[in-house]
Every structure is written in C-alpha cells, then in structure tokens.
Amino acid sequence: MDEEIHERVRDRIKAIPRGRVATYGDIADLAKAPSPRLVGRILNEDGHDLPWQRVLKADGTCAPHLRDTQLQLLHEEGVPNLDGKVDLREYRWEDAREKADEEPGLW
DNA sequence: ATTATGACTCACA
DNA sequence: CTGTGAGCCATAA
C-alpha cells in the first residue's frame with residue numbers, strides 16, 4: 001500500500017546515522033518507493049519530524065531552497081561540503097543497502 | 001480527463 | 001561545466 005511506502009520512507013530517513021547522508025534515489029530504493037519523486041514529496045509533507053538534512057540529490061547536492069540550512073546542519077554533524085556538494089563516495093549511507101539487497105520472502 | 005508543479009534522476013548534446 | 005528532454009509519482013485546479 002502507499003501507506004507502507006510512506007512509512008518505509010520515513011523509517012529509512014529516520015534510520016540514517018549521524019554524519020551520513022543518503023540520496024532520494026537510495027531512499028526510494030530502500031523503501032521500495034516507485035520513484036524518488038515520491039520521497040521528495042513525502043519529505044515536503046511529512047518530513048517535519050525527519051532528519052531531512054541527511055537526504056541529498058543523486059549528485060551530492062541538495063534542493064535549492066534548503067541548500068544553506070542543510071549544508072550548515074550537515075557541517076555540524078560532521079559532514080563537510082565542498083561548494084555545496086557532499087562527497088557521496090565517502091559519506092553516502094550504504095550500510096542499509098546490505099539489508100535491502102534481499103527482502104526475505106516478501107518478493 | 002488534461003495541465004502544471006514539486007525537497008528527483010538519467011541520458012544526451 | 002550547462003542545458004534539454006523524458007520518465008517518474010501524487011496533488012491541485
């Protein structure tokens with residue numbers, strides 16, 4: 001159900017450890033969301049509780065309106081940013097991928 | 001039903 | 001590096 005997606009997305013974002021970041025696409029994949037678009041939309045509506053600052057675009061940049069705030073928050077968490085871009089290669093949250101790699105019996 | 005918009009992504013030029 | 005176009009999902013008008 002779409003409620004599942006909604007819930008999963010929020011959980012995944014909540015589960016992002018401090019000092020790490022994830023892309024919309026990653027969250028979408030982990031949460032089995034049909035599209036990263038949905039992740040952004042959910043954050044816009046129900047992301048007030050979530051550490052949305054840890055969610056970046058696929059290239060390591062962040063949404064235009066949040067750019068300043070997000071970068072600052074990340075910087076405080078220990079995630080350095082260069083010219084508004086985070087080094088995903090180092091700070092991308094991939095630990096969850098091992099789990100999402102295989103869903104037990106669900107599919 | 002169609003069009004426009006938004007915290008997206010990708011391929012291509 | 002910067003566009004541009006297409007695909008993508010959910011809402012609103």
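All chains are named by letter (A, B, ...) in the order of the sequence lines, taking the proteins before the strands, and each is independently numbered beginning at 1.
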Go nucleotide by nucleotide along DNA chain C from the 5' end; which of A:Arg41 and A:Pro36 gets its closest nucleotide reached first?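 First, find each residue's nearest nucleotide; the 5'-ward one identifies A:Pro36.
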By nearest heavy atom, map A:Glu45 and A:Lys85 onto DNA chain C; which one lands nearer the 5' end?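 The answer here is A:Lys85.
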Check every atom of C:dC8, B:dA7, B:dC10 against the side chain of A:Leu43 and return the nucleotide holding the closest atom.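 Between C:dC8, B:dA7, B:dC10, the one nearest the side chain of A:Leu43 would be B:dA7.
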Rounded to the nearest angstrom, tell me the gap between atom CG in A:Asp29 and atom C1' in B:dT9.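 Those two atoms, CG and C1', are 13 Å apart.
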Provide, to the nearest angstrom, the distance between the CD1 atom belonging to A:Ile42 and the C1' atom belonging to C:dA10.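 Atom CD1 in A:Ile42 sits about 10 Å away from atom C1' in C:dA10.
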Go through residues 14-24 of chain A and report each residue with a non-hydrogen atom lying under 4.0 Å from DNA chain C, sorted by number.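 Nothing qualifies; none.
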Going from OG1 on A:Thr61 to CG on A:Asn81, what distance comes out if it is rounded to the nearest 0.5 angstrom?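 Output value for this atom pair is 11.5 Å.
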Quick check for you: to the nearest 0.5 Å, what is the distance between A:Ile27 atom CD1 and A:Ile5 atom CD1?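 Result: 12.5 Å between the selected atoms.
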Taking only the C1' atom of each, what is the distance from C:dG7 to B:dG6 in whole angstrom?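 It works out to 15 Å between them.
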Decide yes or no, distance alone: a donor-acceptor N/O pair under 3.5 angstrom between the base of C:dC9 and the side-chain of A:Arg37.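 Side chain to base: no pair present.
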Need one value for A:Leu38: base, sugar-phosphate or nothing, where a base atom within 4.0 Å counts as base even if backbone is also close, heavy atoms only.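 Here A:Leu38 touches the backbone only, sparing every base.
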In a table with atom names and distances, give each donor-acceptor pair under 3.5 Å that connects a side chain of residues 36-50 of chain A to protein atoms at least two apart or in another chain.
from    : atom 1 : to      : atom 2 : distance (Å)
A:Arg41 : NH1    : A:Glu45 : OE2    : 3.4
A:Asp46 : OD2    : A:His6  : NE2    : 2.5

For DNA chain B, find the residues of residues 60-82 of chain A with a heavy-atom distance under 4.0 Å and give them by number; none if there aren't any.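 A:Ala63, A:His65, A:Leu66 - these, ordered by number, are the residues of the stretch whose heavy atoms sit under 4.0 Å from the strand.
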Give me the one residue out of A:Asp83, A:Leu82, A:Asp87 that meets side chain to side chain contact (heavy atoms under 4.5 Å, CB included) with A:Lys85.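 With A:Lys85 as partner, A:Asp83, A:Leu82, A:Asp87 yield a single side chain to side chain contact (heavy atoms under 4.5 Å, CB included), made by A:Asp83.
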Apply salt bridge (charged side-chain N to carboxylate O under 4.0 Å, His left out) to residues A:Arg54 and A:Glu77 and explain how you reach the verdict. CA-CA 10 Å; A:Arg54 294 175 189 151; A:Glu77 290 189 355; 2.8 Å; yes
